[in-house]
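What follows is a set of notes on a single structure, which appears directly below.
Quick note: numbers below take in every heavy atom, side chains included, and nothing from hydrogens, waters or symmetry partners.
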Amino acid sequence: MNFAVYAGHADAVELCLFDALGHESRHRFGRRDDGVWHGFVPGAAAGLVYGFRVHGRYAPEAGHRHNPHKLLLDPYAREIVGRFAWCDELYGHQRGHPDGHRSFDMRDDAAVMLKARVAAPLRPISEPLPHTPLADSVIYEMHVKGFTRLHPEVPPALRGTYAGLAHPAAIKHLKRLGVTAVSLLPVHYAIDEARLAKLGLVNYWGYNTLGFFAPDRRLSATPDDPTATRHEFRAMVHALHAHGIEVLLDVVYNHSAESGEDGPTLSLRGLDHAAYYRLAGDDRSRCENLTGCGNTLNAAHPRVTQLVLDSLRCWAGEYGVDGFRFDLAPVLGRGAQNFDSGAALLTALAQDPTLARCKLIAEPWDIGPNGYQLGRFPGRFAEWNDRFRDTARQFWNLRTASRGEFARRLLASNDFFHHGTRRPSASVNFVSAHDGFTLRDLVSHAHKRNEANGESNRDGHHANFSINCGVEGPSRDAQVLAQRARLVRALLTTTLLAQGTPMLLAGDELGHTQRGNNNAYCQDNDLNWIDWTQADDTLIDFTARVIALRRQWPALRQDHWLSDGARTDGARDARWLAPQRDAWREMTVTDWHDPSCHAFGLWLAPPGAASVLMWVNAQDAPLRCALPPGRWRLLLDTARPALPPRALGRGTLELPAQAIVVLTDEAAS
């Protein structure tokens, strides 16, 4: 077996092998090519446990932190063995020393450090892959554990695991909704930050990656067996694929679990700190922190680019994963300073043949200079659209967003995405995600309640554009509950029927609450776990109905840019209608600039398909709206969801308060 590892500034690298009793034998690599140290071990096979020790300069002021007393985890490890627990031996410097992170620690940590284990190759993928076009996709963001941890129909031993998500009871719910893809919060091998461990909390979301090639064993039904964990993850992907459901992974290549310059030496830091991390220009002993997590991976370095690409190929090629959502994605395109959409890593992602079939979704912001890059990623990328999120919340909850702003979001935010080769599906539309209020909390809490996180409620977003409908938190008031239900249905429908790619947060369709916590990253408990015994079946059915509506009517999921100007055939893609009682008419410039009104109609008439008319009313009072000529049929009324589809004929429409009504013209069908 050949071993290889990049350590470009090292003087020597040792391969450390461990037997069943933990005894260590060291073998110094004799060759280095372009910074890669490598060597052949005769007779080695799957199951071999190993790590690395790296000799070289320990000069923090120059960015070098080599320390051969620290065993290092192979960043390419497919299997990771051992149990991680924080202790001072894991640090390359002496904690508490007057020189801080510039000091040097000589204690050996092999007895307590995680180790890599050589993994046998997985069998080639044989099942057909769903290959759902992005324009036809409905994404469902979920946490593997939280989705099934309390599911009564999933066997207790499988709850909260990859196998639990693969269970027929879990898949039944996904099929009932009609979603086409699950987007899993991070499943790469992660550890809890030292600060959280000290507070008795955990990094539940998993945004603290240590192993970029290994599934996290905490989400496995067999957590003590890394080999079984790999097969369990692969079986989960296979089971979802068998039902036409794609698997997308939330991946974290912007920082690592080694934290800032005062963090531990576990892997990349000891291999080549100066290459793997972005260092401060004025003091190379400090890490540049563009992530809020202490360190930032240096994606501009060729070996970091290679690490990211190799990791993605592993998950796509070995596990069959269908796509990726990149956390704090501008980091991946940063050069010396600013974001560059033509950066090497982003270009390579678009060209890689193994990744050609994969969906690529960017979270288009980080906390560095010019970190907000919505709409600026290359053509193959879709992007989380926070402008859609904020505008939808402001329009429905607070009525502080104008009709014009809301209209742009309904047409896939053409002000951000209509350029180059980008399509409407590049806009991933959502009103709630793991980071922030759940949909139920968005209409039940005017203020966040994050005291359980141990930061005195200082953490989490402050601008939530939420509303409590008159009562903060739980309520038994019938009027309060009715208003909350109307807003929830309106927000769900906005997300699912806008042009672009819709994304739902798991649990929103059944009324899940985090009791006002809008940053529940460290809560591995019933605050995050979906309580299926309290599921709102009526809301589930409503959500499934709206998803089916999107699937049935092509006008609601067009992947070309719509215009209110005439097409070559004389028809028009979209018309904006004023909410007028006497006679129908189109919106005027004066209408668009009227801040007192938050209602309008959107008439979609795609070539060769049935037209759809969507009326929107965010106001507190109902309206009577004149309909254009045609034989109109009601498809959906979010204020009265029990109404069945029915013919309306000609004339006017009663548009309820805080509602969306969807019609189709039977004459044009």
* Would you say D192's side chain and N203's backbone share a donor-acceptor pair under 3.5 angstrom? -> yes
* Answer yes if the side chains of T501 and R557 hold a donor-acceptor pair under 3.5 Å, and no otherwise. => no
* To do: Run the ring-centre check on F417 versus F381 and record whether the distance is less than 6.0 Å.
  => no
* **Test applied, ring-ring contact (aromatic ring centres under 6.0 Å, His included); reference residue, H188; option that passes from W205, F233, Y319, W315** => W315
* To do: Would you indicate whether the side-chain heavy atoms of L410 and Q499 approach each other to under 4.5 Å?
  => no
* Heavy-atom donor-acceptor pair, R408 side chain to F388 backbone, under 3.5 Å -> no
* Looking at side-chain heavy atoms only, is the closest gap between K145 and W529 below 4.5 Å? -> yes
* Asked: Closest approach of H461 and N518, non-hydrogen atoms and distance?
  -> O-ND2, 2.9 Å
* To do: Go through the steps for F395 and R409 under the test side-chain contact (heavy atoms from CB on, under 4.5 Å), then give the verdict.
  => CA-CA 11 Å; F395 185 82; R409 305 305 146 229; over 6 Å; no
* Is a donor on one side and an acceptor on the other found under 3.5 Å between the side chain of S256 and the backbone of T209? -> no
* To do: State whether R422 and E383 are salt-bridged, where the test is any N-O pair (Lys NZ or Arg NE/NH1/NH2 against Asp/Glu carboxylate O) under 4.0 Å.
  => yes
* **Test side-chain contact (heavy atoms from CB on, under 4.5 Å) applied to D340 and R334, step by step** => CA-CA 6 Å; D340 176 9; R334 283 190 178 272; over 6 Å; no
* State which residue, out of L492, V179, V138, fulfils the side-chain contact (heavy atoms from CB on, under 4.5 Å) condition with T543. => L492
* Asked: Does the side chain of T495 come under 3.5 Å of the side chain of N429 through a donor N or O and an acceptor N or O?
  -> no
* To do: In sequence, state the C-alpha distance, the side-chain angles, and the governing distance for L491 and V488, and then conclude on side-chain contact (heavy atoms from CB on, under 4.5 Å).
  => CA-CA 5 Å; L491 286 161; V488 162; 5.9 Å; no
* **Residues K359, D322: salt bridge by 4.0 Å N-O rule** => no
* Asked: Where does the angle between the aromatic ring planes of F406 and W396 fall among parallel (under 30°), tilted (30 to 60°) and perpendicular (over 60°)?
  -> perpendicular
* Between D573 and S563, does any side-chain donor sit less than 3.5 Å from a side-chain acceptor? -> no
* **Test: D310 and R313 ion pair at under 4.0 Å** => yes
* To do: Calculate, to the nearest 0.5 Å, the distance between atoms CE and CG belonging to M142 and L165 respectively.
  => 5.0 Å
* **Ionic contact status for D225 with R217, cut-off 4.0 Å** => no
* Return yes if a side-chain donor-acceptor contact under 3.5 Å exists between Y207 and D250, otherwise no. => yes
* Structure fact -> Hits for salt bridge (charged side-chain N to carboxylate O under 4.0 Å, His left out) against D74, two or more places apart or cross-chain, chain-then-number order -> none
* **Residue pair Y253, S311: steps toward the side-chain hydrogen bond (donor to acceptor under 3.5 Å, both in side chains) verdict** => CA-CA 10 Å; Y253 299 113; S311 173; 2.7 Å; yes
* Asked: Can you name the salt bridge (charged side-chain N to carboxylate O under 4.0 Å, His left out) partners of R423, sequence neighbours left out?
  -> D559
* **Note: D526-R149 ion pair, threshold 4.0 Å (strictly below)** => no
* To do: Please check if the side chain of H243 supplies one atom and the backbone of I245 the other of a donor-acceptor pair under 3.5 Å.
  => no
* So, do W384 and F326 have ring centers that fall under 6.0 Å from each other? -> no
* side-chain contact (heavy atoms from CB on, under 4.5 Å) between L177 and Y140, intermediate numbers included -> CA-CA 10 Å; L177 285 177; Y140 188 76; 3.6 Å; yes
